[in-house]
J.: 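Before anything else, here's the structure in question.
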Amino acid sequence: MNHLLKKYCPRIDFDSYEDFYENFQIHVPSDFNFAYDVVDEWARVEPKKIALIWCDDKGNEKTLTFLEISELSKRFANVLCAQGIEKGDIVLMMLRQRWEYWVSAVALHRMGAILIPAVSQLTSKDIIYRVNSADIKALIALDDEYVMAQIEAALPECPTLKTLISVDSKEIKRSVSTDDELSWLSWTALVEQASSEWQRPLAPEATTSQDLMLIYFTSGTTGFAKMCCHNFAHPLGHILTAKYWQQVQENKLHCSVTDTGWAKFGWGKIYGQWIAGAVVFAYDTVKFDPRKLLECIQKYSVSTFCVPPTMYRFMLQEDVSSFDLSSVDTFATAGEPLNAEVTLQWEKATGKRIREGFGQSEGPVLLATFPWLEPRPGSMGKPSPLMNIKLLDSEGREASDGDEGNICVTGLKENYPPGLFVGYYKDETRSKESVGGAYYNLNDVAWRDNDGYFTFVGRSDDVIKCSGYRISPFEVESVLLEHPAVIESAVTAFPDEERGFVVKATVVITQQYEASPGLVKELQTYVKQQTAPYKYPRIIEFVDELPKTIGGKIKRAQIAAKDAGRSWHE
């Protein structure tokens, strides 16, 4: 039995979901630190245990054991110390899915420095905002022309930034500031020269489980991103995510597809997976190619697999049944709600249904189709233990089965769950509003059926109110996706003088269909036949692509804002 799981979870095996929900526990040591207590511990007990199998779209491959990750992270910790980085300093990383990310993240955890992951598509404006909002002291980035150009353009407005380290190149000669005081340093060259000697600090220099470890700039679809803070207990919360939702297996490959800059990376590619002893499989690619991803699953015999619904939709445009995916025991998804039609098509192609999970950057998995539950198309599953999930109305009263309510993590005063965020950086007011009371309101609306399964309705500000009805955008989108003409859709409220708002669908169609008034009528009729007629989209607009965040979430708010001053007859 996995000795690490046993150390932190008094019980690992359960007879039913009810047994799991009532009796699962996580023990959080007061000095828990992922670098020492997971990476170094695996290196001590099983030095040859594989931690990471990495490849890229250029044909490069690399396999790293926990011992190698441990030793390289000690070297890089010494590099950062030599650059003046100390416990509590904040470091930004923009590394896509380079294998050096795993080493660098463990090094920062080892030091007690605070990690901010970021995607490599950030503009100079994004970088300026992040650096100045968080007083970032060092930046580690890809040796990539676009990435470096954006960083260098931002530097004159980033006074706290003192160290630049580039991954991929041993010799970087150019200076990037007018006074020649700030230049790119080589990650590879510095690590090769550094010592691997490192001792775990003692108090007061040592970290505690309550110290700040990680900040995510949340990927909101409107406004400036918030800085979501996690402490050193956070990785333990992802035992729920990895072991019991994704169902990772010790010494077998788990693949989650996401950039290192997103919280989905923490969900699927490091914390819970390594605690459970799984091998993380990483495919580093600049552009998502569904066929190449299917080829990777087949070639490397991946055992557990998790990608956002959008990726499943695009993989289904390929002949999925022609690939040997028999090695995969569990398919999972999160990031956006999974439409029922997608999971039914996937089951037809592979023989397995997709297990949905739900959560935010602010925590681990909160609702999921756990091992004892039969996946239900269109449902997110049931609540995670320790999170005390309830559906509450605007007055804080619990919703009955069948009624809508806001998804809330309750009981924060009595038992604050490990893995849940601890507030927003430099924003005491918002932190108190979010997690300073009895519950944390996600502002996501759902309803629960008589069997306890939860179904997503939408963000509280996305739900459409039309002629006295409340209409779920997700429900209408799901129906549209069942029609063979539709690849993607975004349903929003369109202003209407008589009804206040009407339902509008912005639709991407397949190459086999042409946009036409006839297709509009066909789709409208189809929705009326599949759900309550009042929910049908009175307006349908065909587009080549939907606006999305860098992380792939549809920007419904952007569509609605564009429509705010329009009339459909213009």
J.: May I ask you to check whether Trp99 and Trp187 place their ring centres under 6.0 Å from each other?
T.: yes
J.: Would Gln249 and His254 satisfy side chain to side chain donor-acceptor pair (under 3.5 Å), going step by step from the backbone distance to the final call?
T.: CA-CA 8 Å; Gln249 302 168 53; His254 173 75; over 6 Å; no
J.: Would you find a donor on one side and an acceptor on the other, under 3.5 Å apart, between the side chain of Ser124 and the backbone of Ile151?
T.: no
J.: Tell me, please, which residues at least two apart from Lys7 pass side-chain hydrogen bond (donor to acceptor under 3.5 Å, both in side chains).
T.: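 side-chain hydrogen bond (donor to acceptor under 3.5 Å, both in side chains) list for Lys7, sorted by chain: empty.
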J.: Under a plain distance cut-off of 3.5 Å, with no hydrogens placed, do Gln246 and Gln273 share a side-chain donor-acceptor pair?
T.: yes
J.: If you look at every heavy atom in Leu92 and Ala118, which pair is closest and at what distance?
T.: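 Heavy atoms of Leu92 and Ala118 come nearest at CD1-CB, 3.6 Å.
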J.: Apply side-chain hydrogen bond (donor to acceptor under 3.5 Å, both in side chains) to Gln97 and list each qualifying residue two or more places apart in sequence or on a separate chain.
T.: Lys269
J.: Can you list everything that forms a ring-ring contact (aromatic ring centres under 6.0 Å, His included) with Tyr300? Sequence neighbours excluded, please.
T.: Phe281
J.: Is the number of heavy atoms from other residues, nucleotides or ligands under 6.0 Å of Glu157 CD greater than 12?
T.: no
J.: Going by the side-chain contact (heavy atoms from CB on, under 4.5 Å) test, name the single residue among Lys382, Met380, Glu356 that passes it with Leu367.
T.: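 Only match with Leu367 under side-chain contact (heavy atoms from CB on, under 4.5 Å): Met380.
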J.: For the backbone of Ala332 and the side chain of Tyr312, can you confirm whether one donor and one acceptor N or O come within less than 3.5 Å of each other?
T.: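 Yes, Tyr312 side chain to Ala332 backbone: donor-acceptor pair under 3.5 Å.
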J.: Does some side-chain heavy atom of Asp143 sit less than 4.5 Å from a side-chain heavy atom of Val167?
T.: no
J.: Tell me the salt bridge (Lys or Arg N to Asp or Glu O under 4.0 Å) pairs involving residues 273-283, sequence neighbours left out?
T.: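 Every candidate salt bridge (Lys or Arg N to Asp or Glu O under 4.0 Å) pair involving residues 273-283 fails, so no pair, neighbours aside, qualifies.
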J.: For Tyr244, give me all partners under ring-ring contact (aromatic ring centres under 6.0 Å, His included), at least two apart in sequence or on another chain.
T.: Phe20, Phe24
J.: Would the Tyr271 and Phe34 ring centres measure less than 6.0 Å apart?
T.: yes
J.: Can you list every salt bridge (Lys or Arg N to Asp or Glu O under 4.0 Å) pair that touches residues 194-211, not counting sequence neighbours?
T.: Asp37-Arg200, Lys87-Asp211
J.: I need the minimum non-hydrogen distance between Thr218 and Ser361, along with the two atoms involved.
T.: CG2-CB, 3.9 Å
J.: Got a sec, which residues hit side-chain hydrogen bond (donor to acceptor under 3.5 Å, both in side chains) with Gln360, two or more places apart in sequence or on another chain?
T.: Tyr440
J.: Would you say Trp198 and Tyr36 are linked by a side-chain donor-acceptor pair, where the criterion is simply a distance under 3.5 Å?
T.: yes
J.: How about Asp284 and Asp57: do any of their side-chain heavy atoms sit closer than 4.5 Å?
T.: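 No. Closest side-chain heavy atoms not under 4.5 Å.
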J.: When you check the side-chain N and O atoms of Asp329 and Ser303, is any donor under 3.5 Å from an acceptor?
T.: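 No, because no side-chain N or O of Asp329 sits under 3.5 Å from a partner of the opposite role on Ser303.
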J.: If every non-hydrogen atom of Thr160 is compared with every non-hydrogen atom of Ile136, which pair is closest and at what distance?
T.: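 The answer is OG1-O, 2.7 Å.
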J.: What I want to find out is whether Arg96 reaches Asp259 closely enough, with some N-O distance under 4.0 Å, to be called a salt bridge.
T.: no
J.: Would you say the ring centers of Phe14 and Tyr17 fall short of 6.0 Å from each other?
T.: no
J.: State which residues pass side-chain contact (heavy atoms from CB on, under 4.5 Å) with Ser133; sequence neighbours excluded, sorted by chain then number.
T.: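 Testing Ser133 for side-chain contact (heavy atoms from CB on, under 4.5 Å), a comparison that skips the adjacent residues, returns Tyr129, Phe217, Met227.
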J.: What residues, two or more places apart in sequence or in another chain, satisfy ring-ring contact (aromatic ring centres under 6.0 Å, His included) together with Phe32?
T.: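 Here the qualifying residues are Tyr8.
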J.: Just grab all the salt bridge (Lys or Arg N to Asp or Glu O under 4.0 Å) pairs involving residues 292-306, residues at least two apart or on different chains.
T.: Glu61-Lys299
J.: Is there a donor-acceptor contact under 3.5 Å from the side chain of Asn78 to the main chain of Lys74?
T.: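 Yes, Asn78 side chain to Lys74 backbone: donor-acceptor pair under 3.5 Å.
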J.: Is atom CG of Asn60 surrounded by more than 12 heavy atoms (other residues, nucleotides or ligands) closer than 6.0 Å?
T.: yes
J.: Short question: side chain of Lys162, backbone of Pro159 - any donor-acceptor pair under 3.5 Å?
T.: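 Present.
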J.: Between Arg353 and Thr343, do the side chains contain an N or O donor and an N or O acceptor separated by less than 3.5 Å?
T.: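 On atom types as modelled, these side chains do not qualify, holding no pair under 3.5 Å.
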J.: Suppose we screen for side-chain contact (heavy atoms from CB on, under 4.5 Å). Which residues come up paired with Leu325, at least two apart in sequence or across chains?
T.: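 If we apply the side-chain contact (heavy atoms from CB on, under 4.5 Å) test to Leu325, skipping adjacent residues, the hits are Leu294, Ile297, Val320, Phe323, Phe331, Trp346, Thr350.
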J.: Quick check on the 6.0 Å ring-centre criterion: do Trp102 and Phe265 meet it?
T.: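 Yes, ring centres under 6.0 Å apart.
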J.: Strictly by modelled atom types, are Ser70 and Asp40 linked by a side-chain donor-acceptor pair under 3.5 Å?
T.: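 Yes.
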J.: Taking ring-ring contact (aromatic ring centres under 6.0 Å, His included) as the definition, give me every residue that meets it alongside Tyr216, ordered by chain and number, with sequence neighbours left out.
T.: His230
J.: When you measure from the side chain of Ser186 to the backbone N and O of Ala189, does any donor-acceptor pair fall under 3.5 Å?
T.: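 Yes: the side chain of Ser186 pairs with the backbone of Ala189.
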J.: For a 4.5 angstrom cut-off between non-hydrogen side-chain atoms, does Leu212 reach Ile215?
T.: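 Yes. Closest side-chain heavy atoms under 4.5 Å.
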J.: Going by the angle between their ring planes, with limits at 30° and 60°, are His238 and His234 parallel, tilted or perpendicular?
T.: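 Rings of His238 and His234: perpendicular, as their planes differ by over 60°.
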